[in-house]
Amino acid sequence: MSQENSEDHTWRESSASCTDSHICIKDLTKVFKRDDVETVVLEGFSLDVKKGELITLVGPSGSGKTTILRLIAGLIQPTSGGVLMDGELRTSPGADRGMVFQDFALFPWRSVRKNVEFGLEIAGVPKEERRARAEKYIKLAGLEKFIDARVHELSGGMKQRVGIARALVGHPDVILMDEPFGALDAQTRNIMQVQLLNILDKTDQTIIFVTHSVDEAVFLSDRIVVLTKRPAKIKEVIEIPWPRPRDRATPEFTALRKRILTELEEENVMEN
Ligand SMILES: Nc1ncnc2c1ncn2[C@@H]1O[C@H](COP(=O)(O)OP(=O)(O)O)[C@@H](O)[C@H]1O
Ligand SMILES: [Mg+2]
């Protein structure tokens with residue numbers, strides 16, 4: 001048996017524990033090869049995500065966070081290991097996983113409505129249903145007054161609310177958000193965090209959220225996964241049972257933020 005096959009075999013056996021979890025990221029290894037140089041970005045990365053959970057990945061820049069999201073989305077293939085949703089292996093993109101990107105990735109010259117409807121159109125959802133669903137999520141995102149505006153006319157925060165509505169309208173099992181508020185100014189970013197929580201309150205959507213901001217992670221998350229530098233390993237998993245909306249001024253909030261920042265600094269120091 002070749003080495004690759006034996007790795008595959010090990011993974012299949014260990015994936016048995018995945019049958020009960022909503023999203024099971026199991027023993028993911030990803031090696032990028034460029035000009036004969038191999039970069040090991042992930043090495044046996046595993047994580048369980050529960051239904052309805054907002055889980056955040058924080059880690060040093062270049063640790064492999066975007067790679068993890070792209071693997072879950074099925075946009076790239078793992079070197080070994082895999083991602084299971086409700087016990088079934090996912091190897092290509094699908095409507096069960098929606099994405100929200102930092103740079104919005106919208107059609108600037110199309111209307112808000114057309115942007116939100118786009119995925120449904122591709123999926124062949126009939127026009128009436130498409131319209132009704134798009135209107136529901138545009139309203140949920142607080143954009144009903146702008147439904148016929150072209151996206152390029154909107155502010156950054158509004159663009160990202162279109163991105164969120166577009167992800168929600170497909171009724172995905174999980175939304176993958178890669179630094180979705182990273183391009184926004186600090187004040188808009190804080191407003192967006194509150195609005196995201198309001199929207200989630202009404203949908204019970206599972207979210208895997210990547211952010212550079214420890215403050216954002218503590219404000220939003222049910223669980224924070226702190227990653228090491230590349231290849232990303234789990235340094236710590238922190239459950240946050242506090243009710244929302246959370247007050248950034250409390251001693252617990254400040255203490256937790258400091259603790260995570262210290263952990264990340266340790267990783268950056270190790271790199272130098
Ligand atoms: N397609 C690719 N080819 C080669 N290297 C890549 C590719 N994509 C990402 N990488 C490398 O993988 C590492 C992790 O990248 P990424 O997942 O984007 O990190 P993060 O999102 O945590 O900043 C980086 O060193 C990056 O240069
Ligand atoms: Mg990234």
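Side-chain atoms are counted along with the backbone in the values below, which use heavy atoms only and exclude waters and symmetry mates. What you see is a predicted model; the values in this text were computed from it and never measured. Just follow the structure's listing: the first ligand is 1, and inside any ligand the first atom is 1.
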> Distance under 4.0 Å to a non-hydrogen atom of T67: what atoms of ligand 1 satisfy this?
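Reading through ligand 1 atom by atom, the close ones are 15 (O), 16 (P), 17 (O).
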> Closer than 4.0 angstrom: is that true for some heavy atom of G59 and an atom of ligand 1?
no
> So, regarding S61 and ligand 1 (criterion: nitrogen or oxygen to nitrogen or oxygen, under 3.5 Å), is there a contact or not?
no
> Distance from D204 atom CG to L54 atom CG, nearest 0.5 Å?
11.0 Å
> Is there a polar contact, in the sense of an N or O pair closer than 3.5 Å, between R70 and ligand 1?
no
> Specify side chain, backbone, both or neither for V41, according to which of its non-hydrogen atoms lie closer than 4.0 Å to ligand 1.
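The answer is the side chain.
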> Do side-chain atoms of T39 reach the backbone of V41 as a donor and acceptor pair under 3.5 angstrom?
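It does not hold such a pair.
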> Please check this pair: side chain of S213 against backbone of E216, looking for a donor-acceptor N/O pair closer than 3.5 Å.
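Side chain of S213 to backbone of E216: a pair is present.
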> Any sub-3.5 Å donor-acceptor pair from K30's side-chain atoms to Q77's backbone N or O?
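Indeed, once roles are kept as given, a pair shorter than 3.5 Å links the two residues.
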> Please determine if the Mg ion (ligand 2) has an N/O/S atom from T66 lying under 2.8 Å away.
yes
> So which protein heavy atom does atom 9 (C) of ligand 1 come closest to, and at what separation?
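Sorting protein heavy atoms by distance from atom 9 (C) of ligand 1 puts F32 CE1, 3.5 Å first.
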> Where is the nearest protein heavy atom to atom 25 (O) of ligand 1: which residue, which atom, and how far?
R230 NH1, 2.8 Å
> Please list the nearest protein heavy atom to atom 19 (O) of ligand 1 with its residue and the distance rounded to 0.1 Å.
G64 N, 3.3 Å
> Starting at CD of E53, measure out to CG of L200 and round the result to the nearest 0.5 Å.
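Result: 12.5 Å between the selected atoms.
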> Starting from atom 3 (N) of ligand 1, locate the nearest protein heavy atom and write down its residue, its atom name and how far away it is, to 0.1 Å.
R34 NH2, 3.3 Å
> Please write down residue, atom name and distance for the protein heavy atom closest to atom 18 (O) of ligand 1.
T66 CB, 3.6 Å
> Regarding ligand 1, does G62 bring an N or O atom to under 3.5 Å of one of the ligand's N or O atoms?
yes
> Would you give the length of the straight line joining atom CG of L75 to atom CE of M99, rounded to the nearest 0.5 angstrom?
5.5 Å
> Distance below 4.0 Å between atom 27 (O) of ligand 1 and any protein heavy atom?
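For atom 27 (O) of ligand 1 the answer is no, since every protein heavy atom stays at 4.0 Å or beyond.
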> Is a side-chain donor or acceptor of K235 paired with a backbone partner of K229 at a separation under 3.5 angstrom?
no
> Give, for atom CD of Q193 and atom CZ of F181, the distance between the pair rounded to the nearest 0.5 Å.
6.5 Å
> To the nearest 0.5 Å, how far apart are CG in L227 and CG in L47?
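The CG atom of L47 is 9.0 Å from CG of L227, to the nearest 0.5 Å.
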> Under 4.0 Å from ligand 1, counting heavy atoms only, is it the side chain of K65, its backbone, both or neither?
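It is both backbone and side chain that touch ligand 1.
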